[in-house]
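Per chain, numbering begins at 1; letters A, B, ... match sequence-line order. This is a predicted model, so every value here is computed, not measured.
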There are 2 protein chains.
Amino acid sequence: MTATDRPSAGSDDTAGPARGDTVAGVVRQWQAVHPGLDTGPMEIIGRINRCAALLQQAEDAPLRRIGLSRPEFDLLGALRRTGHELTPGELARETFSSGAAVTKRLKQLSGRGLVERRGDTRDRRVTHVRLTEAGRAMVDGILPEQLAYETAALSGLGTPERGELAGLLGELLVQLEGRLGVPRV
Amino acid sequence: MTATDRPSAGSDDTAGPARGDTVAGVVRQWQAVHPGLDTGPMEIIGRINRCAALLQQAEDAPLRRIGLSRPEFDLLGALRRTGHELTPGELARETFSSGAAVTKRLKQLSGRGLVERRGDTRDRRVTHVRLTEAGRAMVDGILPEQLAYETAALSGLGTPERGELAGLLGELLVQLEGRLGVPRV
DNA sequence: AACAGGTGTTTTATCTGTAAAAGATTGCTC
DNA sequence: GAGCAATCTTTTACAGATAAAACACCTGTT
C-alpha cells in the first residue's frame with residue numbers, strides 16, 4: 001500500500017509517544033511534502049494494512065505453539081466449518097489461495113496425519129480431502145484459544161465501537177468483493 | 001487469521017449473491033458447528049485481513065504498470081516523504097521490514113538508478129541512501145495515480161462513513177501499536 | 001594500545017508462495 | 001467412437017522474505 005510505514009519519529013514537541021498512530025505520522029509527512037494531496041484514502045487503507053500486519057503477527061503466537069502456520073490453519077478450519085469433504089480446488093477457493101499452495105499444504109498436513117485424501121469414484125481427476133480425528137481435535141482445541149487471543153487484541157476498543165467497526169468493515173468488504181472479487185471469476 | 005476464507009457458497013435460498021460479505025458467511029458456518037462460540041473478533045479481524053488482501057491486490061495495478069512492487073514503492077516513498085537521506089537501518093524501521101529485505105531492494109533499486117548510496121564519512125559501517133532525480137520523479141508521478149486508485153476503491157462508502165472508519169481504525173491501531181508494537185523495541 | 005562488546009549492514013541457507021506448464025481424465029461434438 | 005476442448009490436480013522453476021550467521025567498524029575500558 002501507500003502508507004504502511006512508520007513516521008520518522010521526529011520527536012520535537014513534548015516527545016510524547018502517544019500522539020496518534022504511525023499512519024497519522026506518515027500522512028502528516030506526505031502533507032508537508034505535497035500540500036495539496038488528498039491523503040484521505042491513506043488513512044483508511046494504510047491503517048487497514050497496518051492493523052492486518054500487527055494482528056497477524058500477534059495471532060501467530062497461539063498457532064505457532066502447536067506448529068501450524070495460519071494458512072494451514074485456515075485450510076483445516078475450512079474443512080471443519082463446512083463439515084464435509086472438500087476437493088483441493090474447493091479448498092483453494094475457500095482459503096483464497098492458489099491451487100499449488102493447497103497441494104503443498106495438503107502434502108504437509110497429510111504427512112502429519114491431520115487430513116486424509118480419498119479419490120473420487122466417478123471422476124478420477126478429483127480427490128476429496130477430509131479431516132482426520134486428530135485434525136478435528138486440533139482445530140477444536142486451538143479455536144477457543146485463538147478467539148480468546150483475538151478478543152484480547154481487540155479489548156482496547158469499547159463494545160459499541162467494536163460493533164461499529166465490524167459494521168463499517170462489512171460494508172466496505174461487500175463493496176470490495178462486488179468490485180474486485182468478481183473479476184476473479 | 002481465523003476467518004479469511006470464503007463461505008462455501010451453498011446457494012439454497014434465493015441464490016442472491018448480495019447477501020452480506022464472505023466473512024459473514026464464514027462466521028455463520030462456525031456458529032452452526034460450534035453454537036456457543038464467541039465469533040465477535042472474527043467479524044473484525046477476518047474483515048480487516050480480507051479487506052487488506054483485496055486492496056493490496058487492487059493497488060498492485062498502478063504500481064505494476066511501472067514495474068515496481070509495493071515494498072519497493074514503500075521504500076521510495078519513505079525517502080520521498082521524509083525528504084532526506086536514510087540509512088538502511090532506518091529504512092527497515094520505516095517500512096517495517098527486515099534489514100535483509102532492505103538490502104535486496106536497495107540493490108535492485110540502485111541497479112535501476114532510482115536510489116543512490118553514499119558512505120558515511122565518520123562511521124564507515126553506515127551508508128546513506130537517497131532518491132535520484134529519476135526516483136523522485138517516479139514517486140511523484142505515480143503517487144497521484146495511486147491515490148486516485150485508492151479513492152475509487154473506497155468510493156462505495158459514503159463520505160461520513162469513510163471518516164468514521166478512519167477514526168475507528170486509528171483508535172484500534174493506537175491500541176495495537178501500544179500493545180504489540182512496543183515489544184518490537 | 002589492545003580488547004570486549006555493541007551496532008550497522010550484508011550474505012547465506014532455507015522456506016513459502018505463485019505462475020506456468022505438465023499430466024491425467026472427462027465429456028462434448030461430429 | 002475418435003478427437004478435442006475443458007477441467008482438476010500436481011510438478012517445476014523462480015521470485016521474495018526471513019532468521020541466523022558473518023563481516024566490518026566503532027567505542028569505552030583497562
Protein proximity profile, nucleotides 1-8 of chain C - base contact B, sugar-phosphate-only contact S, no contact -, cut-off 4.0 Å on heavy atoms: -----BBS
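Within a 6.0 Å radius of CZ in B:R64, no more than 12 heavy atoms belonging to other residues, nucleotides or ligands are found.
Applying the side-chain contact (heavy atoms from CB on, under 4.5 Å) rule to B:A52 yields the partners A:I48, A:N49, A:A52; only residues at least two apart in sequence or on another chain are considered. Here B:D38 pairs with A:T151, B:P41 under the side-chain contact (heavy atoms from CB on, under 4.5 Å) rule; sequence neighbours left out. A search for side chain to side chain donor-acceptor pair (under 3.5 Å) contacts involving B:T132 returns nothing, not counting sequence neighbours. By the side chain to side chain donor-acceptor pair (under 3.5 Å) test, A:R117 is found to be paired with no residue, residues two or more places apart in sequence or in another chain being considered. Taking B:T39 as the reference, B:Q31 meet the side chain to side chain donor-acceptor pair (under 3.5 Å) condition, with sequence neighbours excluded. Shown here are the side chain to side chain donor-acceptor pair (under 3.5 Å) partners of A:R125, two or more places apart in sequence or in another chain: A:D123.
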Which donor-acceptor pairs under 3.5 Å do side chains of residues 107-115 of chain B form with protein atoms, sequence neighbours excluded?
{"unit_1": "B:S110", "atom_1": "OG", "unit_2": "B:L106", "atom_2": "O", "d": "3.0"}
{"unit_1": "B:S110", "atom_1": "OG", "unit_2": "B:K107", "atom_2": "O", "d": "3.3"}
{"unit_1": "B:R112", "atom_1": "NH1", "unit_2": "B:G67", "atom_2": "O", "d": "2.7"}
{"unit_1": "B:R112", "atom_1": "NH2", "unit_2": "B:I66", "atom_2": "O", "d": "3.3"}

Quiz: residues 162-172 of chain B side-chain donor-acceptor pairs under 3.5 angstrom, not counting sequence neighbours:
{"unit_1": "B:R162", "atom_1": "NH1", "unit_2": "B:L154", "atom_2": "O", "d": "3.3"}
{"unit_1": "B:R162", "atom_1": "NH1", "unit_2": "B:L157", "atom_2": "O", "d": "2.7"}

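Taking atom CZ on A:R64 and atom P on C:dT16, their separation rounds to 11 Å, with Å as the unit. The CD atom of A:Q56 sits 16 Å away from the P atom of C:dT16 (whole-angstrom rounding).
Residue pairs satisfying the salt bridge (Lys or Arg N to Asp or Glu O under 4.0 Å) criterion with at least one member in residues 127-147 of chain B, sequence neighbours excluded, are listed as follows: B:R65-B:E145, B:R80-B:D140, B:E85-B:R130, B:E116-B:R130, B:E133-B:R136, B:R136-B:D140.
Here the range on DNA chain D touched by chain B, meaning any atom under 4.0 Å from one of its heavy atoms, is D:dA17 to D:dC26.
For the pair A:S98 and A:R124, nearest-nucleotide mapping onto DNA chain C gives the more 5' position to A:S98.
Of the residues in residues 104-114 of chain A, those lying under 4.0 Å from DNA chain C by heavy-atom distance are A:K104, A:R105.
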